[in-house]
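This report concerns only the one structure given below.
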Amino acid sequence: MSCDPHWTSYISALLVPLVAIFGSYIAFRQWRTAQNKLKLELFERRLKIYNSATSFISSVMTTGKATDRELHDLIVDTKEAKWLLSKDIAKYLDEELYSKGVDLQCFAAELEGVPISQARTNTAHEQRDIKKWLYRQYGIVDEKFSKYLQLSH
């Protein structure tokens, strides 16, 4: 008499490891989905900061002025940069981009009511230099943000 196990014994013995492997695969896919969702959420928040910086530059390039509202929006919309991007980008946004906007606004105020003179010409040249500087910032902003706005997998 032979004691060969029935084929159902083999299947039941393989079923437990198979379920464990399948469960592990599902857990792994859920983890990957959560990681991708986090990447997307970070991307959206970082993109908002990027859009705020480029919108500010575009507005100044269009109107030639930096209004109080635009400067306020720049500060409010980019305040999370130090946590979502880097301290260097936050410093750039605060100390360079915002600062140049304030300088431009001050120069515009200085020009109001000032008769044609060398001082007026100098102020106008300083405004021009800031506008040229701001125009060059399109590429610099892209370069600074490019590392943080990647969705590669």
Side-chain angles (χ1 to χ4, degrees), residues 14-153:
L14 291 174
L15 193 59
V16 172
L18 191 61
V19 168
I21 291 170
F22 187 67
S24 297
Y25 175 74
I26 290 172
F28 172 74
R29 293 303 302 164
Q30 287 176 332
W31 174 79
R32 287 291 307 230
T33 301
Q35 290 296 103
N36 289 336
K37 184 178 179 187
L38 176 64
K39 280 183 181 181
L40 180 61
E41 289 173 4
L42 279 173
F43 174 82
E44 288 172 349
R45 292 177 72 184
R46 290 169 174 168
L47 186 63
K48 182 182 175 194
I49 296 169
Y50 170 82
N51 286 336
S52 179
T54 56
S55 293
F56 174 75
I57 296 168
S58 294
S59 178
V60 171
M61 292 292 98
T62 302
T63 64
K65 299 176 183 177
T67 65
D68 287 335
R69 185 74 190 148
E70 292 165 342
L71 289 167
H72 174 266
D73 289 346
L74 179 67
I75 286 296
V76 169
D77 293 343
T78 62
K79 71 179 183 241
E80 295 177 331
K82 60 186 158 205
W83 293 293
L84 296 174
L85 299 162
S86 70
K87 290 182 181 177
D88 289 337
I89 292 177
K91 184 177 178 181
Y92 166 78
L93 293 169
D94 290 342
E95 295 179 11
E96 292 187 47
L97 201 57
Y98 175 80
S99 178
K100 291 290 186 179
V102 170
D103 290 345
L104 187 63
Q105 190 179 45
C106 290
F107 290 139
E110 286 177 17
L111 284 177
E112 289 181 19
V114 175
I116 297 175
S117 65
Q118 187 59 39
R120 181 180 175 91
T121 303
N122 290 343
T123 301
H125 286 291
E126 289 183 43
Q127 272 187 316
R128 178 200 63 205
D129 292 342
I130 290 175
K131 289 175 189 175
K132 285 182 176 181
W133 181 88
L134 282 168
Y135 177 74
R136 289 190 302 271
Q137 298 314 295
Y138 280 120
I140 292 171
V141 167
D142 283 350
E143 181 182 314
K144 287 182 178 290
F145 279 77
S146 66
K147 172 182 170 185
Y148 299 98
L149 293 177
Q150 301 294 321
L151 280 177
S152 58
H153 294 283

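Residues: numbered from 1 along the sequence shown.
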Does [X] [atom1] have over 12 foreign heavy atoms under 6.0 Å away?
X	atom1	value
Y135	OH	no
K144	NZ	yes
K65	NZ	no
I116	CD1	no

Interatomic spacing from [atom1] in [X] to [atom2] in [Y] - rounded to 0.5 Å:
X	Y	atom1	atom2	value
I130	Q137	CD1	CD	11.5 Å
K91	K82	NZ	NZ	13.5 Å
L97	I89	CG	CD1	12.0 Å
D94	T78	CG	OG1	5.5 Å
L38	T33	CG	OG1	12.5 Å
R120	E112	CZ	CD	9.5 Å

Where the side chain of [X] meets the backbone of [Y], is there a donor-acceptor pair that is under 3.5 Å apart?
X	Y	result
T67	E70	yes
S24	A20	yes
R46	L84	yes
S146	E143	yes

Nearest heavy-atom neighbours spanning [X] and [Y]:
X	Y	answer
V141	A53	CG1-CB, 4.4 Å
M61	K131	CE-O, 3.2 Å
A66	G101	CB-O, 3.4 Å
I57	L134	CG2-O, 3.4 Å
Y138	S58	OH-OG, 2.9 Å

Do [X] and [Y] have side chains that get closer than 4.5 Å, going by heavy atoms?
X	Y	result
V60	K100	no
Y98	L93	no
R45	W83	no
E44	L40	yes

Under the side-chain contact (heavy atoms from CB on, under 4.5 Å) rule, what do D77 and N51 come out as? Steps first, then yes or no, please. CA-CA 9 Å; D77 293 343; N51 286 336; over 6 Å; no

Give me the one residue out of L85, L47, I140, T54 that meets side chain to side chain contact (heavy atoms under 4.5 Å, CB included) with F145.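 Among the candidates, only L85 passes.
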
Residues D129, W133; criterion side-chain contact (heavy atoms from CB on, under 4.5 Å); working and verdict: CA-CA 6 Å; D129 292 342; W133 181 88; over 6 Å; no

Test side-chain contact (heavy atoms from CB on, under 4.5 Å) applied to E41 and K37, step by step: CA-CA 6 Å; E41 289 173 4; K37 184 178 179 187; 3.2 Å; yes

Checking side-chain contact (heavy atoms from CB on, under 4.5 Å) for the pair Y148/L42: CA distance, chi angles, key distance, verdict? CA-CA 9 Å; Y148 299 98; L42 279 173; over 6 Å; no

Would you kindly say whether N122 and E126 are connected by a side-chain donor-acceptor distance under 3.5 Å?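 No.
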
